[in-house]
Amino acid sequence: MQLFENQPLKIYNSLSGKKEVFTPLSKGHVGMYVCGPTVYSNVHLGNCRTFMSFDMIFRYLRHLGYKVRYVRNITDAGHLVDDADDGEDKIAKKARLEKLEPMEVVQRYTVDFHNILDQFNFLPPSIEPTATGHIIEQIEIVKDILAKGYAYEVNGSVYFDVATFNETNEYGKLSGRKLEDMVANTRALAAQDEKKNPQDFALWKKAEPQHIMRWPSPWGDGFPGWHLECTAMSTKYLGETFDIHGGGMDLKFPHHECEIAQAEACYGHSPVRYWLHANMLTMNGKKMAKSTGNNILPGEIFSGENSILSKAFTPSVVRFFMMQAHYTSILDLSNDALLASEKGYQRLMEALTTLPKLTVGTKTDFDIVAWKQGCYDAMNDDFNTPILIAQLFEAVKRINLVKEGKETITAADITLLKESINAFVFEVLGLENERASGVDSNKLGGVVELLIQLRMEARANKDFATSDKIRDQLAALGIQLKDGKDGTTFTVA
RNA sequence: GACAAGGUGGCUGAAUGGUUAAGGUGGCAGACUGCAAAUCUGUUUUUUACAGGUUCGAAUCCUGUCCUUGUCUCCA
C-alpha cells in the first residue's frame with residue numbers, strides 16, 4: 001500500500017481556478033512536464049524559484065509513492081527576438097555578439113544551469129530533452145495542424161490560424177482572455193503583414209540567409225516557432241494527455257495558451273489535466289530586471305559578491321527561504337528576509353542534531369502520530385510548504401523542551417519523529433544539513449579543540465584576559481565558540 | 001488601456017465565512033555565563049490598503065477607489 005492511497009492530495013488547477021483532488025490518469029503513475037529555461041544567459045534567480053517549486057512537487061509526489069516521469073526541457077532554439085529583427089533567433093543573436101557558435105552558447109549556459117540547480121540540491125528530471133533534438137517531431141506536428149486546417153503557409157512560414165481555431169475551440173481559456181478583446185487591443189506591428197491576424201502565432205519560421213540555426217522542412221529552410229517544442233516533447237514522452245503541466249506564471253499567455261491550441265488542433269482534445277503556475281520572485285518590492293540593476297544571480301548570493309545583500313547565503317538557506325512561501329504567491333527577496341530565514345534554518349538544523357541525543361523517557365508528552373499527519377495535511381493542501389514548516393517548528397519546540405528536561409519522549413517516538421522530520425526536511429523540501437559536513441575530523445577541528453581546552457583552563461583560573469583573547473581572536477577568524485552547559489562547541493562561518 | 005494575481009505585524013509570510021489571525025525573524029523579559037555571544041523558555045506587535053455593502057458572524061463574499069506584480073512583444 002502506497003502512501004498516496006490514504007493521503008488525498010489537492011492541487012490548484014489554473015485552468016479551472018479551483019483546488020481539485022488529484023487523481024492521475026494511470027494509477028500510481030504521474031506524468032509531469034515543466035517548461036525549462038532558454039539557455040542564452042546565466043540562469044535567473046526567479047527562474048530558480050519556479051524550478052524549485054516543481055522540484056518540491058516532484059519530490060512530494062515521489063514521497064507519496066507515485067512513479068513520476070518528470071520532463072523538463074532545455075530550450076536551445078526557436079525563440080524569436082522580435083518581428084522587426086526578421087525573426088532572428090535569440091540564441092543566434094547572442095552568439096554573434098560574443099563571437100561564439102550558437103551551440104557553444106547553449107553548452108555554456110546549460111552547464112551553468114545544471115551547476116546552479118545542483119548547488120540548490122535539485123533532483124534531476126527523468127528526461128531533459130532539447131528543442132533542437134526534436135525538430136522532426138515538431139515538423140510532424142506542423143504538418144498535422146496544416147492538414148487539419150488550423151494553420152496556413154505563407155512564404156515559407158507556417159502560422160496557426162487562431163480565428164479558425166476559435167470557431168470550434170476556446171482560445172484563451174487558460175489565461176481568461178477572449179479573442180474579441182485581444183483583437184481590439186492588439187497593436188499593429190509592421191512585420192506582421194504575413195499573418196492573417198495579429199493573434200496568429202508562428203509554428204514554423206522561414207530562415208533568412210544569414211540565420212545560423214536552420215533546418216530543412218517541407219516549407220523550405222527554417223526553424224520552429226517557440227510554442228511548438230513543448231507540445232512535441234510533452235506528447236512524445238508523456239502522451240497526448242498527461243497529468244501535470246507546470247511553468248512560471250508569465251508563461252500562461254501566450255505560451256501555454258498556444259500549447260493548448262496546438263494540441264487541441266492536433267489531437268482533438270485538451271493535453272493537460274492539471275495546470276500549475278508558480279508565481280514570481282521580486283526583490284525589495286520591485287521586479288528583478290537587469291536594466292534597473294535590481295537583479296542578482298544565484299552565484300552572487302552564494303559567494304556574497306554583490307551590492308545588494310550584507311553577506312553570503314548558502315543554497316540551503318535560499319531554498320528554505322523560498323519554501324517558506326507558497327509557490328502560488330509572489331515572494332519578495334530582501335536582506336532582512338534572508339537573514340530571518342537563515343536564523344530559522346539554523347534553528348531547525350540544530351534541533352535535528354539534538355534529536356538523536358535526547359534522553360530517553362518512559363512516555364511522550366506529545367502526539368507524534370497526529371503531528372505527522374499535520375505535516376501531510378499541509379502538503380496535501382496544494383503543497384503548502386509554509387504550513388509544513390510551521391509544523392516542523394512545532395516539533396523543534398518539543399525537541400527543545402525535552403532537551404531542557406521539561407518534557408519527555410520515548411525511544412520509539414524519538415525514532416518515529418526522526419524518520420518523519422528527515423523525510424520532510426531532506427526528502428520533500430530538499431534541504432541539506434550544511435552543518436553536518438563539519439570540521440571535526442580535520443586538522444582545524446583539532447586545533448580549535450585545543451584552544452577551547454586552553455581557554456577553559458584560563459577561565460578556571462579566572463584569567464579572563466586570556467580566555468577572552470582566545471574567544472575574540474577566533475571570532476575575528478570566523479570561528480564562533482558557543483558555551484553550553486555541557487562544554488563548548490564551535491561553528492565555522 | 002485590457003486581462004490575471006495580489007495588498008495581512010518592524011521585516012518575511014500562512015489562514016479564503018465562525019472561539020485568542022499559523023510559523024520564522026525582530027523587540028522585551030527570564031534561564032545559562034565571570035561578562036558577552038550562542039542556545040533555550042516565556043512574552044509582545046497587526047483587526048487584515050481605503051470607503052461602502054451582504055451576513056447572526058468577513059482578512060475571507062459583493063461594489064468602488066488607490067497601489068503592487070505579471071501578461072498583452074522574448075522572459076520562470
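The chains referred to below are lettered A, B, ... by the order of the sequence lines, with proteins before strands, and numbering in each begins at 1. Quick note: numbers below take in every heavy atom, side chains included, and nothing from hydrogens, waters or symmetry partners. Everything quoted here is computed from the prediction, not taken from an experiment.
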Please give, in whole Å, the distance from [N] [atom2] to [X] [atom1]?
X: A/Lys252; N: B/rC75; atom1: NZ; atom2: P; result: 16 Å
X: A/Met322; N: B/rA76; atom1: CE; atom2: P; result: 15 Å
X: A/Asp472; N: B/rA37; atom1: CG; atom2: C1'; result: 10 Å
X: A/Tyr171; N: B/rC72; atom1: OH; atom2: P; result: 11 Å
X: A/Asn42; N: B/rA76; atom1: CG; atom2: P; result: 13 Å
X: A/Leu429; N: B/rG24; atom1: CG; atom2: P; result: 16 Å
X: A/Lys287; N: B/rU71; atom1: NZ; atom2: C1'; result: 11 Å
X: A/Met249; N: B/rU71; atom1: CE; atom2: P; result: 11 Å

Measuring only the [atom1] atom in each nucleotide, how far is [N] from [M]? A whole number of Å is fine.
N: B/rC72; M: B/rU60; atom1: C1'; answer: 30 Å
N: B/rA58; M: B/rU48; atom1: P; answer: 11 Å
N: B/rA22; M: B/rU16; atom1: P; answer: 14 Å
N: B/rG64; M: B/rU45; atom1: P; answer: 37 Å
N: B/rA4; M: B/rG27; atom1: C1'; answer: 39 Å
N: B/rA36; M: B/rG42; atom1: P; answer: 22 Å
N: B/rC35; M: B/rG24; atom1: C1'; answer: 30 Å
N: B/rG23; M: B/rC62; atom1: C1'; answer: 32 Å

Subject >> Toward the 5' end of RNA chain B, by each residue's nearest nucleotide, A/Pro254 or A/Gly344 >> reply: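 Nearer the 5' end of the strand: A/Gly344.
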Original post:
Mapping A/Ile389 and A/Gly247 to their closest nucleotides on RNA chain B, which lands nearer the 5' end?
Top reply: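 First, find each residue's nearest nucleotide; the 5'-ward one identifies A/Ile389.
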Original post:
Side-chain donor or acceptor of A/Asp468 under 3.5 Å from a matching atom on the base of B/rG34?
Top reply: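 Result: at least one qualifying N/O pair found.
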Original post:
Side chain of A/Arg471, base of B/rA36: donor and acceptor closer than 3.5 Å?
Top reply: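 Answer yes: a donor N or O sits under 3.5 Å from an acceptor.
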Quick check on [N]: is either OP1 or OP2 less than 4.0 Å from any side-chain nitrogen or oxygen of [X]?
X: A/Asn400; N: B/rC40; result: yes
X: A/Thr328; N: B/rG6; result: no
X: A/Arg347; N: B/rU25; result: yes
X: A/Lys397; N: B/rG42; result: yes

Scan [X] against the nucleic acid and name what it touches under 4.0 Å (heavy atoms): base, sugar-phosphate only, or nothing.
X: A/Lys343; result: sugar-phosphate
X: A/Phe393; result: sugar-phosphate
X: A/Lys403; result: sugar-phosphate
X: A/Leu339; result: nothing

Original post:
Quick one: CD1 on A/Ile470 to CD on A/Gln453, what's the gap to the nearest 0.5 Å?
Top reply: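 So the gap between those two atoms works out to 10.5 Å.
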Subject >> Base-paired stems in RNA chain B, each at least three Watson-Crick or G-U pairs under 3.5 Å >> reply: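 The stems are B:1-7 with B:66-72, B:10-12 with B:23-25, B:26-31 with B:39-44, B:49-53 with B:61-65.
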**OP:** Going by the side-chain contact (heavy atoms from CB on, under 4.5 Å) test, name the single residue among A/Leu401, A/Ile399, A/Asp365, A/Leu417 that passes it with A/Ile409.
**Re:**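 Single pass found, and it is A/Leu417.
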Any side-chain donor near an acceptor of the partner, [X] and [Y], under 3.5 Å:
X: A/Asp332; Y: A/Thr282; result: yes
X: A/Asn197; Y: A/Tyr159; result: no
X: A/Asp76; Y: A/Tyr109; result: no
X: A/Asn279; Y: A/Thr328; result: no
X: A/Asp377; Y: A/Gln373; result: yes
X: A/Asp382; Y: A/Tyr327; result: yes

Subject >> Charged tip of A/Lys372 within 45° of A/Tyr376 ring normal and under 6.0 Å >> reply: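 The answer is no, since A/Lys372 fails at least one limit relative to A/Tyr376.
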Subject >> Cation-pi check, A/Arg72 onto A/Phe54 ring (under 6.0 Å, within 45° of axis) >> reply: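 Judged by the rule (NZ or CZ under 6.0 Å from the ring centre, within 45° of its axis), A/Arg72 is not positioned above A/Phe54.
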Which atom pairs link the protein and nucleotides 11-16 of chain B when you take only N or O atoms and keep those under 3.5 Å?
residue	atom	partner	partner atom	Å
B/rG13	OP1	A/Asp332	N	2.9
B/rA14	OP1	A/His326	N	2.6
B/rA14	OP1	A/Ser329	OG	3.0
B/rA14	O3'	A/Asn384	ND2	3.4
B/rA15	OP1	A/Asn384	ND2	3.1

Original post:
Considering only B/rU69, B/rG34, B/rG70, which nucleotide approaches the side chain of A/Lys286 most closely?
Top reply: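 Closest nucleotide to the A/Lys286 side chain: B/rU69.
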Subject >> A/Phe51 side chain, from C-beta outward: closest of B/rG70, B/rA36, B/rA76 >> reply: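 Closest of the options to the side chain of A/Phe51: B/rA76.
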Subject >> Side-chain (A/Asn294) to main-chain (A/Met283) donor-acceptor, under 3.5 angstrom >> reply: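 A pair under 3.5 Å: yes.
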Original post:
Are A/Phe160 and A/Phe165 close enough that their ring centers fall under 6.0 Å?
Top reply: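 Yes, the ring of A/Phe160 comes within the 6.0 Å limit of the ring of A/Phe165, centre to centre.
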Subject >> Aro-ring/base stack A/Phe253-B/rA4, d under 5.5 Å, angle under 30° >> reply: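 Check failed, A/Phe253 does not stack on base of B/rA4.
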